[in-house]
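Quick notes on the structure that follows.
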Amino acid sequence: MPSPEKRRDEAWHTLPVEAVYERLHTGRDGLTEAEATGRLARWGPNELQATRRRTAWSLLLAQFKDLLILILIGATVLSLFLGHGIEAVVILVIVLFAVLLGFVQEYRAERAIEALRRMAAPTATVLRNGREVHLPASRLVPGDVVLLQTGNRVPADVRLTEAVNLQVEEAVLTGESVPVPKHTEPLTGASVPVGDRVNMAFAGTTVTYGRGRGVVVATGMHTAFGQIATMLETVEVSRTPLQQNLDRIGRVLAGAALVVVVLIVALGLLRGQPFLEMFLFGIALAVAVVPEALPAVVTISLALGVRRLLRRNALIRRLPAVETLGSTSVICSDKTGTLTRDEMTARVLVVAGQTWQVTGAGYTPEGDFVRDGTPAPPSEAVRLLLRTAVLASDAHLRFDEEHKAWEIQGDPTEGALLVAAAKAGLEKEALDERYPRLDEIPFSSETKRMTTLHEGPEGPFACAKGAPEVILPACTHQRMEHDIRPLTADDRDRLLETARHLAEEALRVLAVAFKPGARANGTGREDAETDMTFLGLVGLIDPPRPEAAPAVATCRSAGITVKMITGDHPVTARAVAREIGLTTGDPACTCQDVLTGAELEQLDEASLCRVVEQTNVFARVSPAHKLRIVSALQAREHVVAVTGDGVNDAPALKKADIGIAMGRTGTDVSKEAAAMTLLDDNFASIVAAIEEGRGIFENIKKYLMYLLSSNTGEILLMAGATLAGLPLPLSAVQILYVNLATDGLPALALSVDPPEPDLMRRPPRNPKAGLFTRPVVLLTLVGGIWSALINLGLFTWALHRGLALPHAMTLTFVSLVLIQFFKAYNYRSDRHSVFRRPFANRWLNLAILWELGLLYLILRVPVLEEAFGTVNLSLTEWGLLLALAATVVPVLELAKWFERRGFFGKLT
Ligand code: ATP
């Protein structure tokens, strides 16, 4: 085997396919698993530069780069020099605690993103031991045979060995966005530029049409792309609008707070307080009031939210999607596979004027053909229809020995046709051998049909299957049981009416046609799709997913509109929509509640904007229509989530506020365009993700209220005491302790608070409202001001009663900490009473118990007592402090009550 460098420089495009196989010691069936494993170990994974991973050490060190931490360390050193040993140690311990907390959180967040990167990594279809397997693209090795189809991202540099109408868009390499048609013939001239090597497909480019296969000749950094490109990010971690917003607000708050700090310190110095004490105090107060941790906490919460979303089968590729999810007001969903199971079964055949039922379930090829209520062997006309449908299909039916079940590889619609044919004793492999395929015009959502050309013992012929209204106009004859007759306009109308009746029963209907003597390849290809002979109709059932109807109902109560956008027939679409509760439309009425692609085309932007609000089902639409629907909804100020799987869905996925790709059936192109991928293709998972998104946002609000009200309370207390000419109510160490130790754990616990039960019974959040909604600001201020009032009052009263300063300070310190505990519970909701489910957050309960324990130790253990400058409190004093702190509960309850009653005006 040539070395990677030799392989890179080899002119693979000049070699015939057999020579390529020979040089790479491989063959048509690809490598064996053992050989591939060996090559992987030898040549390394097919990756562009290992993603830069931050090690635990670098993360830990990064914590010390924080300006505040550096200032605190400076303060520690200063205290040490000036002989305040104990203070220095305490500050250091607190700093270390803060660093550790920051590290643990960031480490977890980093790992969550890392796991996502792994999951979002591209896959490839490869032949190993002659069998098709899906593998992470990173495991490809030179010599592997890969299969390519429309929508694939080419996983490595390959020399093509088969190309059926294959077209590849190579803009990433050549800048040229017009797709290049590919073939397999050797080229002459070793120095042909990359863009002209039309018998090769290069890593990073996209298959836009057709299918093919090829041998991997170069992987990883040795590919043409690897040499020019840096890492293609599979997961983007950009700053979300929310984070940017918080960064801004954080800076404003910090600026304002620092002014107050400087004033307090200046006043203290003027009053003749010792410089060092005031200096340390200033630093402590600055740490306390600057909400520097907020943006970091938000990032961590979003990143960890991503992990929870994954558990609900939603893979996030762009972080901002997490916060947009919560404000989604419209979901535009595909039908097939998302709202339905995509487990198609052929139920009805209409052939030569007769209706046949097909029995049996799933993909097991066992079942009977029933005519007029009695089983009967399939007639010649039925067999011809099934044979034609199978020949015009790419799917495969096979028995999976491992799971002891029949399974379909490829499109389930085609799979259902294969199963029905197998029930009549017709096997695809045998048919393909007898009637080899010469050419094909693949299926697309735009043309809604697929045509193949074959060679048979009686000469060439064409097979077509597709939507009845596309196939029937192309037919001039119809096959009856014993002869072929012309197809009149009346016949066509009658057959379309039959198709409509089948569709009313939620069946997907395909028409099948045939053309003997059709010429293969070249200019005559279009001929194959004219003057055809109609063979019959096939009705396929695709039952709705059982979770779909409840999920639609949840959306309704959550103020989210669900719109079905499907390529299927309007009547089928309406029938399925009714079953899952999307519309209540009467089947007999004309399609008012359903808008078709053709109708949509007649509408200008303004009318579409109007219609799009009232219509919940869009049928026979193409991806271009989907894009228009999304734009119209956005023009109506909706936050739109849209699903898509095909290459042509990419523009709509990008345009949507949240593009959702299908994990199982989606193309690589759609996945890359989307912000989120549904691992199980299930509509219910979208709704679960929205619920999770709402929860994440609510939790951010909770700890925002908690942390900011703590800051407000402290700065007001300090400013108040200073203005009133009192001594400082808290020492530097005490303030640091409250901020870096006491507030940390409960804030963390609030970020994983269980969602409120009515989360999905509220309308979607207004995306413009941001975090600082009126209740959030109100409760933050009320909590902060009340805490300051209580503590200031307590401190003044204690001094008045002649208590020693350390004693008065201890009372204030403990009261402040206790108030924070009560507030943590109260801020679990910005609207509901704390008494609704007071202890539902296990983590919060644990955090508070732990903190109470620590507080007790600080007051009882002599070393700590000395370090914190606290004194032991009597039981009565504890009781008094608890009662005082508890007053924050009714005060906040009252504020919520007024807010709920709309006392401060209606919330927009
Ligand atoms: P959705 O957008 O909800 O996933 P869909 O899968 O029904 O809808 P398309 O795949 O665009 O939409 O199919 C549109 C129509 O094309 C179908 O109603 C059917 O008549 C026809 N069709 C679907 N699959 C095939 C196929 N493999 N070969 C030929 N015709 C097909």
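We count ligands from 1, going down the list as the structure has it; atoms in each ligand are counted the same way.
Heavy-atom proximity to Gly466, at under 4.0 Å, picks out these atoms of ligand 1: 29 (C), 30 (N). Taking every non-hydrogen atom of Asp334 and a distance limit under 4.0 Å, the qualifying atoms of ligand 1 come out as 2 (O), 3 (O), 4 (O). Every atom of ligand 1 with a heavy atom of Ser445 under 4.0 Å away is listed here by number and element: 11 (O). When each atom of ligand 1 is checked for a heavy atom of Lys335 under 4.0 Å away, the hits are 1 (P), 3 (O). Near Ala467, meaning under 4.0 Å from one of its heavy atoms, ligand 1 places the atoms 20 (O).
Residue Arg449 places no N or O, backbone or side chain, under 3.5 Å from any N or O of ligand 1. Of the N or O atoms in Thr336, one or more lie within a sub-3.5 Å distance of an N or O in ligand 1. Among the atoms of Gly567, some N or O lies under 3.5 angstrom from an N or O of ligand 1. Taking distance alone, with nitrogen or oxygen atoms compared against 3.5 Å, His569 stays at or beyond that limit from ligand 1.
For Glu455, the CD atom counts as densely surrounded, since its 6.0 Å shell holds more than 12 non-hydrogen atoms of other residues, nucleotides or ligands. Sparse packing is recorded around CD of Glu427, with 12 or fewer heavy atoms of other residues, nucleotides or ligands lying under 6.0 Å away.
Of the possible donor and acceptor atoms, none in the side chain of Arg545 sits under 3.5 Å from a partner among the backbone N and O of Ala684. Of the possible donor and acceptor atoms, one in the side chain of Asp649 sits under 3.5 Å from a partner among the backbone N and O of Asp645.
Exactly one residue among Glu414, Glu529, Glu440 makes a salt bridge (Lys or Arg N to Asp or Glu O under 4.0 Å) with Lys465. That residue is Glu414. Checking each of Thr206, Val647, Asp668 against Asn152 for a side chain to side chain contact (heavy atoms under 4.5 Å, CB included) leaves exactly one that passes, namely Asp668.
Donor-acceptor pairing under 3.5 Å is lacking for the side chains of Asp394 and Gln149.
Heavy atoms of Ile565 come nearer than 4.0 angstrom to ligand 1 in at least one pair. For Arg620, the closest heavy-atom approach to ligand 1 falls below 4.0 Å. The shortest separation from a heavy atom of Val509 to ligand 1 is under 4.0 Å, placing the residue in contact.
Here the heavy atom of the protein found nearest to atom 19 (C) of ligand 1 is Leu510 CD2, 3.5 Å. Atom 27 (N) of ligand 1 has its closest protein heavy atom at Asp411 OD2, 2.8 Å. Among protein heavy atoms, atom 16 (O) of ligand 1 sits closest to Phe443 CE1, 3.4 Å.
Note on ring orientation: taking the six-membered ring where Trp is involved, the planes of Phe461 and Phe514 are tilted (angle from 30° to 60°).
The backbone and the side chain of Thr566 each have at least one atom closer than 4.0 Å to an atom of ligand 1 (non-hydrogen atoms only).
When the heavy atoms of Glu414, Arg508, Lys465 are ranked by distance to atom 6 (O) of ligand 1, first place goes to Arg508.
In summary, Lys335 and Asp568 engage in a salt bridge, as defined by a charged side-chain N under 4.0 Å from a carboxylate O. Classification of Arg574 and Glu504 as a salt-bridged pair fails, no side-chain N sitting under 4.0 Å from a carboxylate O.
Scanning all heavy atoms of the two residues, the minimum distance from Thr643 to Leu653 falls at C-CD2, 3.9 Å.
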